[in-house]
Amino acid sequence: MKKLVFASNNQHKTEEIRAALAGEYEVLNLQDIGCFADIPETADTFEGNASLKSSYVVAHFNLDCFADDSGMEVEALNNEPGVYSARYSGSRDSAENIRLVLKNLQGNNNRKARFKTVISLMQDGQNHIFEGVIEGTIREEIAGSKGFGYDPIFQPDGYDVTFAEMDMALKNTISHRAIALKKMIEFLKA
Ligand SMILES: O=c1nc[nH]c2c1ncn2[C@H]1C[C@H](O)[C@@H](COP(=O)(O)OP(=O)(O)OP(=O)(O)O)O1
Ligand SMILES: [Mg+2]
């Protein structure tokens, strides 16, 4: 089976991507290639941060790879937390990050939000970008224990459950990450 290097330390993302590519590609993440660095994400866009992560692996390990930078944008919060989703509350504690979103959105009728993923695939020195977006709304309270990050408060449009209430298999057919990944695989197979 062909190998793909995924420039991420996020086990949840890795699990989703491995499930999505099962049987087609073997996905190696940063620890699998012996990279334990927390790659600096200093860009102010998802594309910029994804490109920083993929370029770091090319520069330090001379390996083609792909990286995902993703986050949640809440319309009434001026699209925050956005690229700062991982540390919105100042820590990586998802419960704290969720608490701050709910606090900042309290009493606001505009609960529109979207999840966005940008994948940067570095192949033969070329940076290929693939984007996935899913629209939804922010629940008033958390619901569900599956998934990770902001899943317990994000309800995708067309569903009456949060990402954390749905199985990974269903999330992997509709999510921002699934959409971006599908575009990357189509490119790789072309
Ligand atoms: O499907 C998702 N469901 C819920 N929350 C999500 C999702 N996708 C990203 N998120 C949130 C979690 C993380 O706090 C931030 C991503 O930050 P992001 O830098 O892309 O990932 P990360 O730092 O955890 O791992 P890495 O950079 O090594 O890929 O947005
Ligand atoms: Mg990150």
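Please read these numbers as outputs of a predicted model, since none were measured by experiment. Order of appearance sets the numbers: ligands from 1, and atoms from 1 within every ligand.
- Protein heavy atom in closest approach to atom 27 (O) of ligand 1: Lys53 NZ, 2.6 Å.
- Against a heavy-atom cut-off of under 4.0 Å, Gly149 is close to the following atoms of ligand 1: 4 (C), 5 (N).
- Close to ligand 1: Arg92, with a non-hydrogen atom less than 4.0 angstrom away.
- Any N or O atom pair closer than 3.5 Å counts here, and Glu16 shares no such pair with ligand 1.
- Both Val74 and Leu102 are members of a single hydrophobic cluster when ILVMFWY side chains are connected at heavy-atom separations under 4.5 Å.
- Of the protein's heavy atoms, Ser70 O, 3.6 Å lies nearest to atom 17 (O) of ligand 1.
- For ligand 1, the atoms sitting less than 4.0 Å from at least one non-hydrogen atom of Glu41 are 19 (O), 23 (O), 27 (O), numbered in the order shown with element in parentheses.
- A donor-acceptor pair under 3.5 Å is absent between the side-chain atoms of Tyr150 and the main chain of Ile138, judged by distance alone.
- Closest to atom 7 (C) of ligand 1 among all protein heavy atoms lies Phe148 CZ, 3.5 Å.
- Remark: ligand 1 atoms within the under-4.0 Å shell around heavy atoms of Phe115 are 3 (N), 4 (C), 5 (N), 6 (C), 7 (C).
- Each of the atoms 14 (O), 15 (C), 30 (O) of ligand 1 lies under 4.0 Å from some heavy atom of Ser85.
- Using a 4.0 Å cut-off between heavy atoms, His12 makes no contact with ligand 1 at all.
- Ring-plane geometry between Phe163 and His176 is classed as parallel, the angle between the planes falling under 30 degrees on a 0 to 90 degree scale with a further cut at 60.
- Here the side chains of Ser8 and Ile17 are not in contact, with every heavy-atom distance at 4.5 Å or above.
- Each of the atoms 1 (O), 2 (C), 7 (C), 8 (N) of ligand 1 lies under 4.0 Å from some heavy atom of His176.
- At the shortest separation from atom 13 (C) of ligand 1 among protein heavy atoms lies Ala86 CA, 4.0 Å.
- Nearest to the Mg ion (ligand 2), among the N, O or S atoms that Glu41 has, is OE2.
- No donor-acceptor pair under 3.5 Å is formed between the side chain of Thr117 and the backbone N or O of Ser70.
- With hydrogens and angles disregarded, a donor-acceptor distance shorter than 3.5 Å links the side chain of Asn172 to the backbone of Glu16.
- Salt-bridge annotation for Glu135 and Lys116: absent, with no side-chain N of the basic residue lying under 4.0 Å from a carboxylate O of the acidic one.
- At least one heavy atom of Gly71 sits less than 4.0 Å from an atom of ligand 1.
- We find that Arg18 and Asp32 are joined by a salt bridge, their nearest charged nitrogen and carboxylate oxygen being less than 4.0 Å apart.
- Looking only at protein heavy atoms, the nearest one to atom 8 (N) of ligand 1 is Arg177 NH2, 2.8 Å.
- Looking only at protein heavy atoms, the nearest one to atom 1 (O) of ligand 1 is Lys171 NZ, 2.9 Å.
- Looking from atom 24 (O) of ligand 1 to the surrounding protein, the closest heavy atom is Asn10 ND2, 2.8 Å.
- Remark: the backbone N or O of His12 is paired with a side-chain donor or acceptor of Asn10 at under 3.5 angstrom.
- Ranking the protein heavy atoms by distance from atom 5 (N) of ligand 1 puts Tyr150 N, 3.1 Å first.
- Using a cut-off of 4.0 Å between Lys/Arg side-chain N and Asp/Glu carboxylate O, Asp157 and Arg111 are scored as not salt-bridged.
- When each atom of ligand 1 is checked for a heavy atom of Lys13 under 4.0 Å away, the hits are 18 (P), 20 (O), 21 (O), 25 (O), 26 (P), 29 (O).
- Here Lys53 pairs with Glu41 in a salt bridge; the nearest charged N to carboxylate O distance falls below 4.0 Å.
- A salt bridge does not link Glu73 with Lys112: every distance from a Lys NZ or Arg NE/NH1/NH2 to an Asp or Glu carboxylate oxygen is 4.0 Å or more.
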